[in-house]
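Have a look at the structure below, then the notes.
Just the heavy atoms: all of them, side chains too, but no hydrogens, waters or symmetry mates, feed the values below. Naming: A, B, ... by sequence-line order, numbering from 1 per chain. Since we're looking at a predicted model, the values are computed, not measured.
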Amino acid sequence: MIDIKVIREKPDLVKKAVVDKGMNVDIDRVLSVDARRRELETEFNELRHEQKQAGEKIAQAPKEQKAELSKATGQLKGRIKQIEEERARVDAELHELMLLVPQIPHPDAPIGPDESGNVEIRQVGKPRTKADFGFEFKDHVELGTRLKLFDMERGVKLAGSRNYVLAGYGSMLHEAVLRLAWDMMVERGWTPLTVPVLVSEELMIGTGFFPLHRDEVYLAERDEMCLVGTSEVPVTGLHGDEILELDELPKKYFARSTCFRREAGAAGKDTRGLYRIHYFDKLEEVVLCAADPEESAKHHAEILQNAEDLLQALELPYRVVEVCTGDMGQSKVRQYDVETWMPSREMYSETHSASRYHDFQARRLKLRYRDADGRVRVCHTLNSTVVASPRILIPLLETNQNEDGSVSIPAALRKYMHGVERIG
RNA sequence: GGAGAGGUGGCCGAGCGGCUUAAGGCGCCGGUCUUGAAAACCGGUGACGCGCAAGCGUCCGGGGGUUCGAAUCCCUCCCUCUCCGCCA
């Protein structure tokens with residue numbers, strides 16, 4: 001949620017953000033509802049003041065006058081109730097509208113309608129096409145099935161489409177990648193957290209996933225709980241409703257969790273293999289910092305660097321893309337995706353996403369801090385994937401395959417693989 | 001799941017219909033004293049909304065109700081703690 005003052009003072013800027021991000025919310029309606037709310041607020045304040053003063057008089061009056069005075073003041077009650085009811089309605093409408101207003105994108109973010117407007121920033125490593133392998137290339141499904149690393153059919157038997165079972169070295173490799181990332185983040189001084197993955201709806205609103213992306217989330221409706229699609233949700237919400245001290249910031253957290261995604265609206269898309277699946281595990285890094293765009297930018301560079309360093313440790317070619325306004329979603333100021341080269345897809349595909357939110361999530365979460373002057377201010381938040389598996393196993397297996405169908409293990413992972421250097 | 005006790009400002013904690021403008025303490029900030037610090041003493045110190053401001057209002061777990069007036073009484077939901085049950 002953005003500060004309503006920004007809408008009052010710079011409505012055109014907000015309207016432009018609505019257009020650039022392809023959102024659907026009537027900013028003029030927001031302004032008129034806001035104006036009405038302020039009117040009612042003032043009116044309510046005045047009536048309430050009158051009521052309190054009258055009450056004081058009654059308290060001090062001699063007994064025999066109390067009944068009469070009470071009767072006179074009683075009339076205020078009805079009017080106040082009327083105002084209160086209208087205010088409740090107007091507040092609710094304003095709140096609903098505000099939940100739809102987008103964060104204003106960074107002026108340097110590329111403007112574009114969708115993925116096609118994203119801008120490549122750099123490539124690292126040399127991608128190889130299927131032909132470059134010099135032998136009959138096998139995709140990760142073929143490799144994994146032959147080497148018994150995973151079992152797609154039985155995954156479907158257990159839980160329907162887009163489910164899978166990792167087994168043996170497949171399961172080990174999955175853990176190895178996550179543990180490599182875990183150790184890297186601990187060594188860099190980040191604080192690991194273990195957090196709930198079944199959370200309240202309130203937290204989904206607070207982190208900006210609801211109301212717009214409700215369809216993409218699994219709901220445990222009987223208990224009014226939601227399965228998170230990323231540990232960003234509980235980690236960012238950790239200090240919600242708090243006022244942190246300046247010297248506590250920045251908070252640099254990471255958490256591993258299973259992530260659940262309905263993939264609604266993706267029917268028939270990316271159906272083969274481990275690319276688009278209903279559950280996976282992810283290490284997510286989250287920063288809570290002071291409300292300073294420069295500091296935000298600094299942390300943004302750092303979380304992106306962590307993601308890149310992980311891929312470099314895995315020796316996988318990738319590129320960094322700056323995500324355009326139409327593709328970054330409602331809540332972000334600026335976003336970089338890291339796309340790893342996937343030989344079977346013959347393209348770079350998203351494996352990481354590093355986002356900067358400024359105060360969007362923090363305002364919804366009431367995540368604040370006291371600045372050097374003692375003023376209460378809304379924090380900035382950021383987050384990025386460190387690694388998500390099994391998606392990352394796609395390029396890992398495909399890139400490291402040998403002619404005989406075996407797969408070599410990159411050096412960085414061997415200590416987590418009990419020294420195994422080659423599978424098959 | 002059953003029984004009981006509770007949820008009050010950054011923290012602890014009093015208050016149980018109108019002298020609450022939420023006491024008191026801790027913490028924090030400023031001052032006095034001191035070579036400096038500590039201690040002591042003095043003063044200040046909640047969040048949110050409306051307003052140019054003076055100021056006014058809201059908030060005592062959430063929601064609803066009673067009353068001229070609610071932190072205080074009633075209903076309801078949530079959460080925490082203790083004991084019992086179940087259990088990885």
Can we say [X] and [Y] salt-bridge, meaning some charged N sits less than 4.0 Å from an Asp/Glu carboxylate O?
X	Y	answer
Arg29(A)	Glu93(A)	yes
Lys15(A)	Asp28(A)	yes
Glu285(A)	Lys252(A)	no
Glu86(A)	Arg36(A)	yes

Looking only at atom [atom1], what distance separates [N] and [M], rounded to whole Å?
N	M	atom1	value
A70(B)	G65(B)	P	12 Å
A37(B)	C16(B)	C1'	46 Å
A3(B)	U76(B)	P	14 Å
U72(B)	A22(B)	P	15 Å
U34(B)	C29(B)	P	22 Å
G49(B)	G1(B)	P	38 Å
G15(B)	G7(B)	C1'	15 Å
C73(B)	G6(B)	P	11 Å

Legend entry - Distance (rounded to the nearest 0.5 Å) between Arg262(A) CZ and His278(A) NE2: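 Rounded to the nearest 0.5 Å, the CZ-NE2 separation comes to 8.5 Å.
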Inset, instruction - May I ask you to check whether Tyr369(A) and His239(A) place their ring centres under 6.0 Å from each other? - result: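 His239(A) vs Tyr369(A): aromatic centres not under 6.0 Å.
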Legend entry - Other residues, nucleotides, ligands: >12 heavy atoms within 6.0 Å of Arg414(A) CZ: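 Above 12, so yes.
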Legend entry - Exercise: do Asp337(A) and Ser353(A) side chains pair donor with acceptor under 3.5 Å: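 Yes, because at least one side-chain N or O of Asp337(A) sits under 3.5 Å from a partner of the opposite role on Ser353(A).
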Inset, instruction - Report which part of the nucleic acid Lys366(A) touches: base, sugar-phosphate, or nothing (heavy-atom distance under 4.0 Å, all strands). - result: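 Nothing, no nucleic acid heavy atom in range.
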Inset, instruction - Between protein and nucleotides 48-62 of chain B, map the contacts as a letter string: B base, S sugar-phosphate only, - none, heavy atoms under 4.0 Å, written 5' to 3'. - result: SBSS----BSS----
Inset, instruction - Please report the shortest heavy-atom distance between Tyr416(A) and Leu180(A), naming the atom on each side. - result: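 Shortest heavy-atom contact: CE1-CA, 3.6 Å.
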Inset, instruction - Report yes if at least one side-chain N or O of Gln51(A) is closer than 4.0 Å to OP1 or OP2 of C68(B); otherwise report no. - result: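 False: Gln51(A) side-chain N/O out of range (4.0 Å or more) of C68(B) OP1/OP2.
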Inset, instruction - Name all stems that contain residues of RNA chain B, defined as runs of 3 or more consecutive Watson-Crick or G-U wobble pairs, both distances under 3.5 Å. - result: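 Stems found: B:1-7 with B:78-84, B:10-12 with B:24-26, B:27-32 with B:40-45, B:46-50 with B:55-59, B:61-65 with B:73-77.
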